[in-house]
Amino acid sequence: MYGIFMESVVIFKNYVGGRYIVALFLLALLYLLFAEKDRRRQAMFVYMPVSLLLAFFFPVTRKAFVRLMGEGDTYYRILWLVPMGIVIAYGGVKFACFVCEEIGGWAKRLVLAVLCLAVMLCGKYVYASQYMTKAENPYHIPQKVIDICDVIAPEDGEERIWAVFPTDLVYFVRQYDTDIQMLYGREMVEPKWQYAEPVHTVMNHPSRIDIEELLALTRERNCTYIVLPNNKGVSADPEKFGLELLDTIEGYPIYYDPVAARMMEERYG
């Protein structure tokens, strides 16, 4: 049980990122415990967060979560329910109002300014993270994905199509156009899920894609569009196997497979 508890402690530390914001949260909880007289607000801003934290650190909760969900990698999501930011903000504003009543309006403004400064100093500049990039469009996904999808997307009223994409693009396609169905998606990108997909295995070859093997698999699955990676070679010219090059966007060749389309018509009429 102690080991499970310590695992939860590590998860909590990784989730909050720093001890200072936790200190502000605990100070706000302590202040509201005595200063807040409204029972409903006290339940919302004190008892509920404390109960969730106690449940999070309780080993039995983690064991039950793993038993029900089948894995514990998402256990940290319980912390999403703890309104740390709201508690800090409400506690700070309530304390500022108390100071205003006791001293004056200028003191309230001073307390709020100090609280804002403390929150900023306790946090990190998120835009400096390696995972943050400047948005290229209102969709907040790479522009090349939008351009590729616009080439192959069905017209309004037409049936959805099947396509295969390189691994680095599969995260974004469904965010832009759900009419484009993929033979594999994010489940293939995450190694921990250990899914096996023959098409992905061929597409994910480290240096060269076997076109003949790829087409044997995609035509069997009624896949009419193939987007090849921009950083790998191919075993043969795709057009020799009946593919039609529609466009090349940022090095990604986009092919239409009329053979697959014809085979699908013969199967389903």
Are Tyr256 and Tyr225 close enough that their ring centres sit under 6.0 Å apart?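 Close enough - the centres of the two rings lie under 6.0 Å apart.
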
Between [X] and [Y], is there shared hydrophobic-cluster membership here, with clusters defined by ILVMFWY side-chain heavy atoms closer than 4.5 Å?
X	Y	value
Met6	Val10	no
Ile4	Leu54	no
Leu27	Val114	no
Leu117	Val93	no
Ile86	Met120	no

Once you round to the nearest 0.5 Å, how far does [atom1] of [X] lie from [atom2] of [Y]?
X	Y	atom1	atom2	value
Gln175	Ile146	CD	CD1	10.0 Å
Arg39	Tyr47	CZ	OH	9.0 Å
Ile180	Ile161	CD1	CD1	5.0 Å
Asp247	Asp147	CG	CG	9.0 Å
Ile152	Tyr255	CD1	OH	14.5 Å
Ile254	Thr248	CD1	OG1	7.0 Å

Go through it in stages, so that I can follow the logic: the residues are Phe241 and Val259, the test is side-chain contact (heavy atoms from CB on, under 4.5 Å), and I'd like the CA-CA distance, side-chain angles, deciding distance and then a yes or no. CA-CA 9 Å; Phe241 293 87; Val259 177; over 6 Å; no

Take Phe45 and Glu36 through the side-chain contact (heavy atoms from CB on, under 4.5 Å) test and state the conclusion after the steps. CA-CA 9 Å; Phe45 294 113; Glu36 181 57 68; 5.5 Å; no

Shortest non-hydrogen contact from [X] to [Y]?
X	Y	value
Gln42	Leu32	NE2-O, 3.9 Å
Ile209	Pro229	CD1-CD, 3.3 Å
Gly251	Asn230	O-CB, 3.2 Å
Asp38	Arg40	OD1-N, 2.9 Å
Val234	Arg208	C-CG, 3.7 Å
Cys223	Leu183	CB-CD1, 3.9 Å

For residues 60-68, tabulate all N or O donor-acceptor pairs below 3.5 Å that involve a side-chain atom, not counting sequence neighbours.
unit_1: Thr61; atom_1: OG1; unit_2: Ala55; atom_2: O; d: 2.8
unit_1: Arg62; atom_1: NE; unit_2: Glu7; atom_2: OE1; d: 3.2
unit_1: Arg62; atom_1: NH2; unit_2: Glu7; atom_2: OE1; d: 3.2

Can you find a pair of side-chain heavy atoms, one from [X] and one from [Y], that are under 4.5 Å apart?
X	Y	value
Pro49	Phe25	yes
Pro59	Ser8	no
Trp162	Met264	no
Arg41	Val46	no
Leu26	Leu30	no
Ile21	Ile88	yes
Val173	Ile148	no
Ile249	Val227	no

For a side-chain contact (heavy atoms from CB on, under 4.5 Å) check, start with the C-alpha distance between Thr167 and Met203, then their side-chain angles and the critical distance, and finish with the verdict. CA-CA 8 Å; Thr167 302; Met203 286 285 287; 5.8 Å; no

Is a side-chain N or O of [X] found less than 3.5 angstrom from the main chain of [Y], in a donor-acceptor match?
X	Y	answer
Asn137	Ile141	yes
Glu136	Pro142	no
Thr178	Arg174	no
Thr224	Ala260	no

For [X], look at atom [atom1] and say whether over 12 heavy atoms of other residues, nucleotides or ligands are found less than 6.0 Å away.
X	atom1	value
Lys232	NZ	yes
Tyr76	OH	yes
Leu33	CG	yes
Met48	CE	yes
Phe56	CZ	yes

Start with the C-alpha distance between Leu121 and Tyr20, add both sets of side-chain angles, then the distance that settles side-chain contact (heavy atoms from CB on, under 4.5 Å), and finish with yes or no. CA-CA 9 Å; Leu121 292 177; Tyr20 301 111; over 6 Å; no

Could you pull out all residues at least two apart from Asp237 that satisfy side-chain contact (heavy atoms from CB on, under 4.5 Å)?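 Glu239, Lys240.
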
Side-chain H-bond candidate by donor/acceptor type, Asp168 with Tyr252, under 3.5 Å: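 The criterion, which ignores hydrogens and geometry beyond distance, is satisfied for Tyr252 and Asp168.
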
By ring-ring contact (aromatic ring centres under 6.0 Å, His included), which residues pair with Phe165, not counting sequence neighbours?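 Phe165 satisfies ring-ring contact (aromatic ring centres under 6.0 Å, His included) with no residue once adjacent residues are dropped.
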
